[in-house]
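Keep in mind it's a predicted model, so treat the numbers as computed, not measured. Chain A is the first sequence line, chain B the second, and so forth, proteins listed ahead of strands; every chain is numbered from 1.
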Amino acid sequence: MNYAIEFAGLTKRFEQVAVLDDVTLTIGKSSLVGLLGRNGSGKTTLLRHVVGQLLPTAGIAETLGRTTSDLRRDEFERIGFVPQEIRLLDWMTVSQHISYVRGFYKRWDSERESRLLDELELDGNMQVGALSTGDVQKLAVVLAVCHHPELLILDEPVSNLDPIARSLMLEFLLEVTREDDATIVISSHVLRDVERIVDWVVCLNHGRVMTDEALDELKERYAEWHVTKQDGKLPASFTESFVVEQEVNGREARVIVRSDGADAESFRAAYSCELVVRALNLEQLFPVLIGGDQA
Amino acid sequence: MRSLLAFTSLIARPATFLWGALAVIVVTIAVVGVQEPDVPVLIASDYALLVCFGYPFVAGTLAGMALREFQSSSFAWTLPGVRSRTALGFLACALTLSMVVVALTLSGDVTQNLVLLTGFGTASFYLGAVSVHPASRWLGFASSLLALLVVFESGHMARLIDTYLLTSVSLTAVLTGLCMQQLFGLSVFRGMPSIPTSPMAGAFSLNASLRMERLKLVTATHTHVDELPAGFDHSIWSWVRAAAYESYGPQPVKVALRSISRLGLLFCLIVLHTLLEPRSVPLLEMIGKITYDALFRPPYLAAIGDRPPYVAVSLWIAAMGAGIVFATPLALRSKLLYPLARRQRSQIAHRASLALGATFAVLMAASFLIVGHLAGWLADYPLRMDFIPFFVRPLLGTLILLPSAQYAAVLSLTSNFTKQYGAAFLLIMGMTAFVTVVLAWSFLLPSVLTLTEMVLSAALLIASQFVYRRALEKRYTQADLV
């Protein structure tokens with residue numbers, strides 16, 4: 001078994017609407033995968049399939065080598081899950097909630113628990129219902145990682161955290177990967193944060209996988225050209241086949257190109273312009289990725 | 001042992017559980033005190049069956065609410081072995097509670113069958129849980145009906161069990177098995193986090209997270225006041241209409257009719273009561289006579305049957321009153337910012353409560369009058385209007401006490417959890433007080449409402465509304481609104 005997660009032809013329909021459409025995807029063990037996509041693209045539905053909470057309308061879904069409809073105690077001992085919409089037992093205190101969840105697992109790292117509570121500044125005596133949204137999110141992460149999961153599924157885990165807590169959380173996730181050799185799938189709209197930790201990117205759009213590739217390769221594949229023309233105007237649009245996106249404004253243009261087909265020298269000569277090449281970050285790449293340009 | 005803790009920890013939250021238990025014991029004593037216990041029969045006496053079934057049933061409803069809340073949480077599904085562990089803990093709770101209750105009951109009557117009563121108690125714990133769980137509506141309905149039968153027809157039921165022992169045990173076992181399957185089934189655990197929780201306000205579902213789910217449910221189907229029909233003039237009553245729109249959507253009549261349809265359970269109970277009564281007249285006529293008597297209790301007719309279901313009618317009216325306050329409240333959303341001063345919010349809250357109370361009174365009175373007269377026609381009684389029907393007293397009592405429940409509902413919107421549980425406690429105690437007072441009122445005084453009573457009732461109604469209004473004003477002007 002080489003994959004932590006394996007989907008083949010996975011389709012999920014709610015009524016007549018296909019939220020996931022023929023998704024074929026494998027996520028290897030010990031990967032750090034960023035699951036990206038616009039709102040309603042199917043990310044949460046996909047992650048719910050990973051933990052077996054939703055069942056496919058068609059296709060195959062396997063997690064840790066077992067069909068997700070048949071996940072058992074042994075598999076759940078190895079999975080950690082932070083859902084997007086966190087509903088905990090509000091009437092318990094933080095400590096009570098942790099000790100309650102601890103009871104379900106054979107192994108529980110109390111040292112990690114207290115370190116996390118300390119670093120994330122969570123008060124064990126606070127009632128869960130009285131916590132801020134960010135603190136609930138922190139608590140959900142604590143609950144999901146103290147049993148040393150092999151597979152950690154995080155659906156928008158840092159969306160409500162302040163920058164300091166977010167940074168702490170991301171560092172901790174990297175540490176988890178190192179310590180536990182865990183596979184982490186993280187869905188987030190805060191792409192700068194995702195970029196810091198993931199090594200693989202999966203992009204969904206309208207329930208289809210548009211991108212499934214290593215982050216470094218993606219970054220190498222695309223580049224941003226900052227084009228300026230001193231005399232005269234640039235054309236309204238560039239027609240070169242390697243141009244993926246463009247924003248032309250008179251004498252200046254911002255062009256995203258596929259690195260493998262792009263020839264900067266010829267471009268410069270053709271338009272008599274100056275050209276500065278810049279690397280793209282994930283946020284800049286995102287519109288291209290959901291467009292599925294992988295030629 | 002670790003497995004058992006998975007569920008027992010969930011219902012270890014002591015306050016409500018203990019208070020609820022206390023209240024239930026008081027109710028039981030009140031009910032048993034009013035209804036003289038039958039002569040004990042061989043297997044299960046009237047009193048023993050009532051306590052050994054009724055008490056675990058109520059405890060089971062609390063357990064069901066706790067289970068529902070746990071299953072609705074987003075973290076439960078991925079906990080390893082969650083189903084088997086919670087199921088084991090649940091069974092342990094059911095058995096322990098039943099054995100304790102049976103032991104207490106047996107101290108007064110040594111002829112009981114310990115194992116049988118423990119079995120019935122355990123089953124009723126499951127039935128109680130199913131009655132408040134969204135897993136199966138039909139099973140919930142059946143369990144509620146069975147519970148009502150045992151509570152209100154314990155004498156008949158005890159005799160039935162005694163006569164058809166094997167059948168009773170088999171049916172109970174099958175029903176318990178179905179409940180187990182519904183409560184701890186794989187699909188239930190898998191699907192519950194995606195299901196918005198029931199709007200029914202119970203001890204465990206009064207917390208903010210679940211209330212938000214309900215708000216989301218309402219928001220998903222209805223929009224804000226901007227879409228109100230023409231005629232919205234920013235007067236207090238217009239805002240009450242806005243509250244009705246936000247609470248029930250564009251067709252509030254449907255909600256009212258749905259509330260009235262719950263009376264069907266009461267009439268099922270009356271029909272079953274009739275089937276159990278020894279009778280010398282045709283069934284339909286007997287149903288008519290008993291229904292007419294239960295609702296109207298006319299002074300010129302002797303009581304029909306061994307034990308007319310007056311208690312059921314009284315309790316039902318109170319339960320319906322509590323239901324409209326907590327399950328289908330009429331209120332503006334607490335977390336939205338309306339262009340209203342705090343004093344206006346309090347006025348709107350009071351008028352909305354008044355409107356809800358008035359609608360409740362009219363609907364209940366109308367439906368009881370219609371059904372009662374239809375029953376009288378079935379029984380071939382002459383149509384007489386020269387007496388005050390029996391149901392008027394419990395209805396008046398409910399209307400007098402309704403503001404206190406409505407105030408508890410207002411508190412629960414903004415209070416912290418401890419206070420909310422306090423509100424649940426007040427509700428239970430209020431129901432207990434209501435049943436005791438109304439039953440005493442109904443049975444100790446003459447069957448015809450006297451002038452003094454009418455004047456006193458009117459005064460109490462006005463006084464309770466006045467106090468409620470002052471309390472709302474104080475609350476809305478001095479407390480946090482979210």
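In this structure, A:Arg13 places its CZ atom where only 12 or fewer heavy-atom neighbours from other residues, nucleotides or ligands lie under 6.0 Å away. Crowding of A:His189 atom NE2: a count of heavy atoms from other residues, nucleotides or ligands under 6.0 Å exceeding 12. The environment of A:Ile60 atom CD1 is sparse: at most 12 non-hydrogen atoms of other residues, nucleotides or ligands sit within 6.0 angstrom. More than 12 heavy-atom neighbours from other residues, nucleotides or ligands sit within 6.0 angstrom of CD on A:Glu119.
If you take OG on B:Ser9 and CE on A:Met92, they are separated by 6.5 Å, rounding to the nearest 0.5 Å. Here the straight-line distance linking atom CD of A:Glu77 with atom OG1 of B:Thr78 works out to 11.0 Å at 0.5 Å rounding.
Here the shortest heavy-atom pairing between A:Phe104 and B:Ala6 reads CZ-CB, 3.6 Å. Across A:Ser69 and B:Arg190, no two heavy atoms sit closer than the pair O-NH2, 3.3 Å. Residues A:Arg87 and B:Ser73 share a closest heavy-atom pair of O-CB, 3.1 Å. In plain terms, the two heavy atoms of B:Trp77 and A:Gly52 that are nearest each other are CZ2-O, 3.4 Å.
Residues that satisfy the salt bridge (charged side-chain N to carboxylate O under 4.0 Å, His left out) test with A:Asp193, not counting sequence neighbours, are A:Arg166. Remark: A:His97 engages B:Phe75 in a ring pair (Phe, Tyr, Trp, His ring centres under 6.0 Å) (not counting sequence neighbours).
With a threshold of 4.5 angstrom between heavy atoms, B:Phe189 does not approach chain A through any atom at all.
Taking A:Leu55, A:Ile153, A:Leu71 one by one and counting their heavy-atom pairs under 4.5 Å with chain B, the maximum is reached by A:Leu55.
Residues A:Arg73 and B:Ser84 form a side-chain contact, since some pair of their non-hydrogen atoms from C-beta on lies under 4.5 Å apart. Contact annotation: the side chain of B:Ser74 never approaches that of A:Glu85 to less than 4.5 Å [non-hydrogen atoms, C-beta and beyond].
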